[in-house]
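Shown next, in structure tokens, is the structure this report addresses.
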Amino acid sequence: MTRQSSPAALRNRDAIANVLGRVLPATGTVLEIASGTGEHVVHFAERFPKLVFQPSDPRDEARASIDAFARDLPAGRVLPALALDVLAPWPIARADAVLCINMIHASVPETVPRLMAGAAKLLAPGAPLVTYGAYKVHGQHTAESNVGFDAWLKERDPRWGVRDLEHVVEEAERAGFSLDERIAMPANNFVLVFRRT
């Protein structure tokens, strides 16, 4: 199967992993939503060998790339990629953490409440849901580069775009999460760490 590559994934994976090292549980299963090429999940599995990673993506070509990368790791560290569409029933019953990188802005608005509701069903109290990406703060872009990024997203699909951070937090709280940390990241992105209440 063909491996795909994302320059952005290669640039940000270490910065994200440094945060995950603090907020993920020591052991257990981490579900990644919208795993894309698979480069993130394989990197995290190498960094955190006591965790099992369950990647997922709704696209056939993405799952093929994920599984191709995962073959380089010891068996059982990265499970076969699930065909998971946030807007449809989720084919997994539980997880010890949920990770979602760069999906919220590259998807339709309905994915935000469905992501939160789906993660809430899987996680025990105190377990983390970690999101990463570009966000507006109080309705304003945090950098000029995000203005261009938002326009580029809307060219691909008018329903896509950089979301308001406060709206994402509200949807998470509605689903039973509390915001534990908001961490400014390189390239004008944020990590949001939610905990199941």
Side-chain angles (χ1 to χ4, degrees), residues 16-17 19-38 40-42 44-45 47-48 50-60 62-63 66-67 70 76-135 157 159-183 189-197:
I16 297 171
V19 174
L20 296 181
R22 292 193 298 101
V23 304
L24 290 181
T27 60
T29 300
V30 179
L31 169 65
E32 185 183 30
I33 302 292
S35 298
T37 64
H40 275 139
V41 75
V42 167
F44 301 151
R47 285 279 299 264
F48 310 113
K50 293 184 178 180
L51 289 167
V52 173
F53 285 83
Q54 174 62 76
S56 71
D57 204 281
R59 298 166 298 147
D60 293 343
R63 294 194 304 276
I66 296 162
D67 291 341
R77 294 271 293 283
V78 176
L79 302 176
L82 290 176
L84 191 158
D85 182 338
V86 168
L87 298 177
W90 291 23
I92 182 172
R94 63 168 300 277
D96 299 291
V98 175
L99 177 60
C100 183
I101 297 171
N102 287 334
M103 184 200 77
I104 288 174
H105 53 252
S107 60
V108 297
E110 304 90 80
T111 59
V112 176
R114 297 291 285 275
L115 168 67
M116 303 308 176
K121 291 178 182 177
L122 304 186
L123 296 173
L129 163 62
V130 182
T131 72
Y132 168 91
Y135 296 97
D157 188 321
R159 299 170 297 172
W160 292 11
V162 177
R163 309 296 178 201
D164 288 337
L165 186 149
E166 293 79 13
H167 172 69
V168 174
V169 171
E170 286 173 6
E171 291 291 353
E173 290 175 343
R174 190 172 289 118
F177 289 94
S178 61
L179 180 64
D180 191 45
E181 291 188 66
R182 180 180 113 179
I183 304 157
N189 290 305
F190 289 95
V191 166
L192 304 181
V193 181
F194 299 99
R195 298 280 177 182
R196 185 76 171 90
T197 54

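Panel note: side chain Asp96, backbone Val30; no donor-acceptor pair is recorded below 3.5 Å. Using a distance-only test at 3.5 Å, with no hydrogens or angles considered, no donor-acceptor pair links the side chain of Thr29 to the main chain of Ala95. Judged by distance alone, with hydrogens and angles left aside, the side-chain atoms of Asp164 form no donor-acceptor pair with the main-chain N or O of Glu166 at under 3.5 Å. With Arg195 contributing its side chain and Asp180 its backbone, the two residues share no donor-acceptor pair below 3.5 Å. No donor-acceptor distance shorter than 3.5 angstrom exists from the side chain of Ser56 to the backbone of Ala83, with no hydrogens or angles considered. No donor-acceptor pair closer than 3.5 Å links the side chain of Arg196 to the backbone N or O of Pro128.
Between the CD atom of Gln54 and the CG atom of Leu122 there is a distance of 11.0 Å, given to the nearest 0.5 Å. Here CG of Asp67 is found 10.0 Å from OG of Ser35. Values are rounded to the nearest 0.5 Å. For the atom pair SG of Cys100 and CD of Glu32, the computed distance is 8.0 Å after rounding to the nearest 0.5 Å. Distance check: Ile33 CD1 to Asn102 CG gives 14.0 Å after rounding to the nearest 0.5 Å. A distance of 9.0 Å separates CG of Asp57 from CG of Leu84, quoted to the nearest 0.5 Å.
Between Glu181 and Val19 there is no side-chain heavy-atom pair separated by less than 4.5 Å. When side chains are defined from C-beta on, Val168 counts as touching Met116, because their heavy atoms get closer than 4.5 Å. Leu31 is listed as a side-chain neighbour of Trp90, based on a closest heavy-atom distance under 4.5 Å. Within the 4.5 Å cutoff, side-chain heavy atoms of Pro109 are placed close to those of Arg163.
Using cut-offs of 30° and 60° on the angle between ring planes, the pair His40 and Phe44 is parallel.
The stretch residues 109-131 participates, sequence neighbours left out, in these side-chain hydrogen bond (donor to acceptor under 3.5 Å, both in side chains) pairs: Ser107-Thr111, Thr131-Tyr135.
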Practice task
Take Val86 and Met103 through the side-chain contact (heavy atoms from CB on, under 4.5 Å) test and state the conclusion after the steps.
Solution key: CA-CA 10 Å; Val86 168; Met103 184 200 77; 3.8 Å; yes

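Scanning both residues, Ala45 and Val78, for their nearest heavy atoms gives CB-CG2, 3.5 Å.
The ring-ring contact (aromatic ring centres under 6.0 Å, His included) test applied to Phe53 returns no partner, not counting sequence neighbours.
The side chain to side chain contact (heavy atoms under 4.5 Å, CB included) with Val193 is formed by just one residue from the set Leu129, Leu20, Val23; it is Val23.
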